[in-house]
Amino acid sequence: MVGVLAIQGDVAEHCHVLRRLGVEAQEVRQPGDLAGLNGLIIPGGESTTIGRVAHRYGLMELIRALIAQGMPVWGTCAGVILLARSVDRLDFPTLGVLDVHVRRNAFGRQVDSFEIDLAVPALDAIAAAEERGRPVRAVFIRAPIIDRVGENVDILAKLPDGTVVAVQQGHILGTAFHPALTDDTRFHRYFLRLVEEQAFTAAPEATV
Ligand code: GLN
């Protein structure tokens, strides 16, 4: 069972993709919803709203602890902001589990939102034969960029100018764009493979 942090943003879209892939999706709104999770997705949306509400409900501490215990987590857009070790212009602490620095709303007003084809070779590990080598259509909406990457972090995708937009640090995955907003399920399948490999289950007592 994979959780989707359900405070605001692309919650329904992620749940829809998970269910389409035959995976049980659990919307996470309060601490008790974390029990039994094998992984968690933090969706795109507004990082300040998601983060403030998650703090208020005591979810940040619990999620941080579960990730430290080995729970796979994937943050898309606002989600990668909340995972990052450091972020500019944010007035509350992030989860701080992903060793990157993130710059919010990094593209400026002129190019606020855009779509672009990106090569993501790592996805070939889970791709069907006809998908292999095919670029990912990446949707950026007031997106952040990852402008500093720690040594233990793998870069999965870059924009043509070299800007880092997808990373992985072991069981932690981050994308500055929104794979849930396209029909391409490769990123979800890639995350589900991580979940399978990690074989983690959140204990009920750890989360209430
Ligand atoms: N601009 C948003 C933020 O800073 C992120 C954008 C998104 O998730 N679509 O939280």
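For ligands, and for the atoms within them, numbers begin at 1 and follow the listed sequence. Positions are given from 1, in the same order as the sequence printed here.
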Ligand 1 to Ala143 polar contact by distance, N or O atoms, under 3.5 Å: no
Would Ser47 count as being in polar contact with ligand 1, using the rule that some N or O on each side must be under 3.5 angstrom apart? yes
With a heavy-atom distance limit of 4.0 Å, tell me whether Arg142 approaches ligand 1 through its side chain, its backbone, both, or neither. both
Do His178 and Phe140 come close enough that some side-chain heavy atom pair is under 4.5 Å? no
Proximity to ligand 1 by part of Ile81, non-hydrogen separation under 4.0 Å: side chain
Measure the distance from atom 1 (N) of ligand 1 to every protein heavy atom, then report the residue, atom name and distance (to 0.1 Å) of the closest one. Asn105 OD1, 2.6 Å
Please find out if less than 6.0 Å separates the ring center of Trp74 from that of His14. yes
Nitrogen or oxygen atoms of Pro144 and ligand 1 under 3.5 Å apart: no
Flag if over 12 foreign heavy atoms under 6.0 Å of OH, Tyr57: no
Considering distance alone, does some N or O of Gly44 sit under 3.5 Å from an N or O of ligand 1? no
Counting only heavy atoms not in His16, do more than 12 fall under 6.0 Å of its NE2? no
For His178, is at least one N or O under 3.5 Å away from an N or O on ligand 1? yes
Protein heavy-atom partner closest to atom 5 (C) of ligand 1 - residue, atom, separation in Å: Gly45 O, 3.4 Å
Can you tell if the side chain of Leu95 reaches within under 4.5 Å of the side chain of Ile63, non-hydrogen atoms only? yes
When the aromatic ring centroids of Phe114 and Phe177 are compared, is their separation below 6.0 Å? no
Please tell me if the side chains of Leu5 and Ile50 come closer than 4.5 Å, counting only heavy atoms from C-beta onward. yes
Can you tell me the protein heavy atom closest to atom 7 (C) of ligand 1 and the distance? Cys77 SG, 2.7 Å
